[in-house]
Amino acid sequence: MMKYPIIITLSLCMLNTLADRVTYSFDDSVGLGRHFDGIGGLSGGGATSKLLVNYPEEQRNQILDLLFKPNFGASLDILKVEIGGDAQSTDGTEASHMHNSWDENYERGYEWWLMVEAKKRNPDIKLYALPWAFPGWIGNGTRSPYTNPTQTAMYIIKWIQGAKQYYNLTIDYIGIWNERPYDITYIITLRNMLDNSGLTNVRIVAPDGSWSIASDMFKNATLNAAIDYIGCHYPGTYSTKQAVNTGKQLWASEDYSTFNDNVGGGCWARILNQNYVNGNMTSTISWNLIASYYMNLPFYRDGLMTAVEPWSGNYIIESPIWLTAHTTQFTSVGWKYLRHGSGVGKLNGGGSYVALISPDGKDFTIVIETFSHDHSICIRPPLPKYTVSPQQIMIDLKGSFAGVTQLNTWYSKPSYSTGVEDIFFLKKAPLALTNGQGQLDIGVDEVWTLTTINTGVKGSFPPPPASAEFPLPYSDDFESYMDSQEPSNLAQQTGSYEVFNSTSGDHGKIMRQVVTEQPVSWCSAEKLNVSLSVIGDPQWADLYIECDVRIGNVNNTDGAFIAARVTQGGCQTFEAEGVYFFIFPSTNTIKLSNDLAQTQVVFTGSFTGFKEWNKLSLAVHAKLATAMINGEKVFTQNLTGKANEGFAGLGTSSFGLADFDNLAIMNIDDGLKRMEEIRVKKDTKLYFKPGKF
Ligand SMILES: *[C@@H]1O[C@H](CO)[C@@H](O)[C@H](O)[C@H]1NC(C)=O
Ligand SMILES: *[C@@H]1O[C@H](CO)[C@@H](O)[C@H](O)[C@H]1NC(C)=O
Ligand SMILES: *[C@@H]1O[C@H](CO)[C@@H](O)[C@H](O)[C@H]1NC(C)=O
Ligand SMILES: *[C@@H]1O[C@H](CO)[C@@H](O)[C@H](O)[C@H]1NC(C)=O
Ligand SMILES: *[C@@H]1O[C@H](CO)[C@@H](O)[C@H](O)[C@H]1NC(C)=O
Ligand SMILES: *[C@@H]1O[C@H](CO)[C@@H](O)[C@H](O)[C@H]1NC(C)=O
Ligand SMILES: *[C@@H]1O[C@H](CO)[C@@H](O)[C@H](O)[C@H]1NC(C)=O
Ligand SMILES: *[C@@H]1O[C@H](CO)[C@@H](O)[C@H](O)[C@H]1NC(C)=O
């Protein structure tokens with residue numbers, strides 16, 4: 001029992017399983033491994049940074065510092081962003097820079113802003129861009145981006161050039177089509193057109209899918225030459241022999257996607273090491289960068305940190321931030337890994353270690369992780385069982401580092417038991433080395449960084465404001481936005497909404513749905529050709545929503561709606577249920593439907609009083625829905641749908657232009673007062689209290 005007294009402070013049960021001491025040598029004299037390309041975060045794919053943009057500036061800057069500022073927080077090396085394609089790409093739609101072939105605009109969405117903020121904090125951060133979907137005109141109606149490779153490549157090149165022209169941003173890496181088939185001719189065309197446009201510096205990552213492209217790279221030398229990096233998604237830390245044999249750098253160009261509690265942190269720390277140890281991958285990119293999308297949208301909180309309350313300013317620094325810092329604060333892009341067996345490998349007692357060396361050979365960093373199976377499960381792929389035990393290891397520095405006498409030591413141990421505090425990114429006493437050797441006792445579920453670098457910082461701020469519910473009453477007249485901006489808090493799920501200067505009446509700025517045809521989609525969200533934007537709290541039950549709507553007669557939609565209790569977004573948007581109040585002015589028709597698809601219509605009526613702009617009101621109270629148009633009551637109906645709660649929403653019944661203004665959302669009591677206020681004919685009873693039935 002007294003053999004390892006130091007362990008007692010950790011846990012008694014560890015004593016039984018303590019492995020015999022094993023020596024691990026770190027030696028650059030036998031040659032080096034691969035070039036380190038950095039750790040990144042992915043904003044988009046889709047709309048995952050939606051709620052970040054309208055945070056109060058103070059908290060927003062803190063969050064951006066925690067993500068991007070060197071030597072402070074996650075200190076990311078790569079920012080990957082979505083090139084918006086006007087289509088749902090997981091948690092929302094991001095706007096295209098070319099909604100139509102005649103349209104070009106570099107003010108839309110938030111990825112430009114985010115890239116600028118990242119570069120402000122770290123001018124060396126690498127930028128990587130990838131489309132998920134394309135607007136419908138790409139491919140000339142064939143619904144494929146590869147029918148007309150020149151057209152698609154030009155569309156992508158315009159985005160890259162726009163980044164430079166409008167934001168002085170240099171895009172380092174460009175992808176093909178996220179998790180969709182690649183096309184050899186397109187990749188080669190893109191390479192040629194980049195080169196011919198003076199963009200030789202922009203390197204291609206392909207295919208953002210599986211490793212199997214390696215087989216085509218062996219068959220086609222032109223393709224092989226066009227691709228600089230093979231990017232695989234969710235590789236489960238393994239690549240293929242064929243991919244390794246291409247000699248190209250291999251990336252986990254999208255990985256993680258796991259709920260960001262401490263098990264998510266364990267997943268992240270394990271793959272950051274083991275993607276290299278098992279799979280020779282030199283970059284790992286987290287989907288997503290930051291969880292800034294509403295609860296109840298798919299993959300809630302699968303980001304490095306959480307920021308979902310722009311109205312309160314509350315945010316949460318989750319474990320992946322500090323587990324990233326263990327690598328990023330003590331390495332840089334351009335460092336090299338040591339070789340497997342002389343600085344990279346698995347620990348005998350479970351866990352893994354990597355070591356990296358700076359290009360000038362002066363600095364050196366070792367990262368060790370010992371996450372147990374159950375505390376490091378990622379969302380995909382399945383993780384085979386394995387065991388990890390406490391272990392005593394001997395670090396043995398050789399080669400250039402044989403003379404190092406101490407290594408700075410940083411330590412994390414997330415807690416998986418109540419009453420035990422998390423330890424994140426704690427600077428410990430340096431590890432002393434004698435003749436290059438030093439002993440370390442390591443437990444289970446830990447990360448250790450041992451480094452010659454002296455500059456690590458656990459950045460911190462005063463606690464953010466307290467968490468709060470989405471504030472009601474809520475209103476937006478869209479007057480405060482610049483043209484082309486996407487309004488705050490309205491999380492578009494299908495279709496794309498942006499602020500326009502109204503061309504008629506006294507509406508000033510308005511919000512317009514601008515997608516006029518089905519996009520070249522990434523998933524089936526758009527299969528009904530319906531657009532939907534959601535807002536607020538997914539647990540709202542009783543609610544009042546009001547909005548002015550105009551359906552013009554140029555490239556227009558046939559109908560529009562406002563809604564409550566909208567049950568879902570994401571790729572399943574097409575099956576969202578809720579309470580939808582539709583208007584179809586061209587046929588003087590109104591509808592109440594239990595679903596977005598209008599397959600569960602409760603009521604169809606006629607209304608002849610439509611004007612250019614129409615003020616729609618919808619009150620949803622227990623099992624009753626009451627609606628008005630321009631202050632005229634059009635129905636009170638018993639609700640028959642299953643949806644008891646959900647977001648507020650608005651949208652169009654087909655793709656095509658529609659304008660929205662003066663959105664207001666209130667709790668039901670305020671809403672009923674509001675309805676009485678704006679009601680024009682008071683001859684009938686407005687509303688029957690649900691208690692009466
Ligand atoms: C497809 O569209 C592009 C750009 O609008 C145009 O130049 C080209 O001629 C079209 N091709 C076909 C086959 O229609
Ligand atoms: C554009 O960015 C580069 C760095 O990439 C910088 O050197 C240059 O000064 C910037 N130009 C402007 C006009 O801001
Ligand atoms: C590579 O693929 C392209 C596009 O399919 C084809 O035109 C070219 O001939 C191929 N090159 C080689 C070397 O096989
Ligand atoms: C790739 O990783 C394996 C271990 O999985 C290692 O043995 C090999 O040396 C590595 N090869 C290259 C080229 O990085
Ligand atoms: C909006 O339109 C009005 C009237 O045409 C014009 O005075 C105003 O400058 C426009 N605003 C913007 C931002 O374009
Ligand atoms: C949606 O639009 C596409 C392309 O215009 C069309 O092919 C498809 O039939 C439409 N689907 C529905 C359900 O209207
Ligand atoms: C409507 O579509 C036509 C092309 O079909 C386009 O030229 C025009 O600019 C569009 N108008 C609006 C307001 O989008
Ligand atoms: C709603 O349900 C109540 C109770 O069943 C019934 O009396 C009333 O007529 C219904 N209203 C409508 C509009 O169907």
Side-chain angles (χ1 to χ4, degrees), residues 68 79 86 95-106 108 112 115-128 135-138 140-141 160-173 198-199 201-202 333 483-484 495-504 510-519 531 550-558 579 581 590-594 600-605 612 618-628 633-641 652 654-660 684-693:
F68 300 120
L79 170 60
D86 288 340
S96 171
H97 57 296
M98 297 180 76
H99 294 312
N100 288 295
S101 57
W102 64 82
D103 166 65
E104 216 174 316
N105 178 308
Y106 299 89
R108 295 176 182 141
W112 305 116
M115 288 188 283
V116 167
E117 293 295 326
K119 277 278 179 191
K120 251 191 228 169
R121 287 165 174 80
N122 177 8
D124 294 330
I125 197 167
K126 303 285 185 188
L127 299 176
Y128 172 5
W137 63 273
I138 289 283
N140 300 55
I160 296 170
Q161 289 170 332
K164 185 56 132 191
Q165 186 181 339
Y166 296 94
Y167 302 98
N168 194 27
L169 293 168
T170 302
I171 304 303
D172 298 286
Y173 311 113
L199 297 169
N201 65 299
V202 183
V333 172
D483 283 4
S484 314
S496 202
Y497 291 75
E498 61 197 52
V499 170
F500 267 78
N501 202 1
S502 171
T503 49
S504 81
I510 53 137
M511 177 177 76
R512 174 169 293 176
Q513 197 296 111
V514 293
V515 174
T516 52
E517 62 180 312
Q518 194 182 51
S531 85
R550 171 174 65 176
I551 298 174
N553 46 25
V554 179
N555 306 338
N556 56 297
T557 169
D558 61 350
V579 181
F581 170 33
I590 58 172
K591 271 187 197 174
L592 175 67
S593 177
N594 290 332
Q600 303 173 44
V601 174
V602 181
F603 169 77
T604 303
E612 185 191 358
L618 174 67
V620 176
H621 193 179
K623 286 288 184 192
L624 276 187
T626 301
M628 302 199 311
K633 180 181 155 190
V634 291
F635 62 74
T636 292
Q637 285 290 322
N638 292 322
L639 288 170
T640 54
T652 59
S654 62
F655 286 124
L657 306 184
D659 296 337
F660 298 83
T684 58
K685 208 166 161 200
L686 170 65
Y687 182 77
F688 302 90
K689 282 241 171 342
K692 294 249 163 80
F693 299 111

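Read the numbers this way: they start at 1 and go in the same order the structure lists the ligands and their atoms.
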### Task
With the side chain counted from C-beta on, respond yes when P135 and H99 share a heavy-atom pair under 4.5 Å apart, and no when they do not.
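A side-chain contact is absent here, since even the closest heavy-atom pair is not under 4.5 Å.
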
### By salt bridge (charged side-chain N to carboxylate O under 4.0 Å, His left out) - contacts of R512 (at least two apart)
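With neighbours one apart ignored, the set is D659.
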
### By salt bridge (charged side-chain N to carboxylate O under 4.0 Å, His left out) - contacts of D124 (at least two apart)
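Counting only residues at least two positions away or on another chain, D124 forms no salt bridge (charged side-chain N to carboxylate O under 4.0 Å, His left out).
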
### Query
Looking only at heavy atoms, which two atoms of N638 and V602 are closest? And how far apart?
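Taking N638 first and V602 second, the nearest heavy atoms are O-CG1, 3.6 Å.
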
#### Entry: For T636 against T626, the heavy-atom pair lying closest together
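Scanning both residues, the minimum pair turns out to be OG1-OG1, 3.1 Å.
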
### Message
Suppose we screen for side chain to side chain donor-acceptor pair (under 3.5 Å). Which residues come up paired with E117, at least two apart in sequence or across chains?
### Response
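Partners of E117 under the side chain to side chain donor-acceptor pair (under 3.5 Å) test: K120, R121.
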
### Task
On the 0 to 90° scale, with breaks at 30° and 60°, tag the Y106-H97 ring pair as parallel, tilted or perpendicular.
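Geometry flag for H97 against Y106: tilted rings.
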
Write none if no such pair exists; otherwise list each N/O atom of ligand 7 with its protein N/O partner under 3.5 Å and the distance.
unit_1: ligand 7; atom_1: 2 (O); unit_2: N555; atom_2: OD1; d: 3.1
unit_1: ligand 7; atom_1: 2 (O); unit_2: N555; atom_2: ND2; d: 2.4
unit_1: ligand 7; atom_1: 11 (N); unit_2: N555; atom_2: ND2; d: 2.8
unit_1: ligand 7; atom_1: 14 (O); unit_2: N555; atom_2: ND2; d: 3.3

### Message
Closer than 4.0 Å to some heavy atom of N638 - which atoms of ligand 8 meet that?
### Response
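The list of qualifying atoms is 1 (C), 2 (O), 3 (C), 8 (C), 10 (C), 11 (N), 12 (C), 14 (O).
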
### Message
So is T636 touching ligand 8 or not, going by heavy atoms under 4.0 Å?
### Response
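Yes, T636 has heavy atoms under 4.0 Å from ligand 8.
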
### Query
Does any N/O atom on N168 come nearer than 3.5 Å to any N/O atom on ligand 2?
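It does: an N or O of N168 is found under 3.5 Å from an N or O of ligand 2.
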
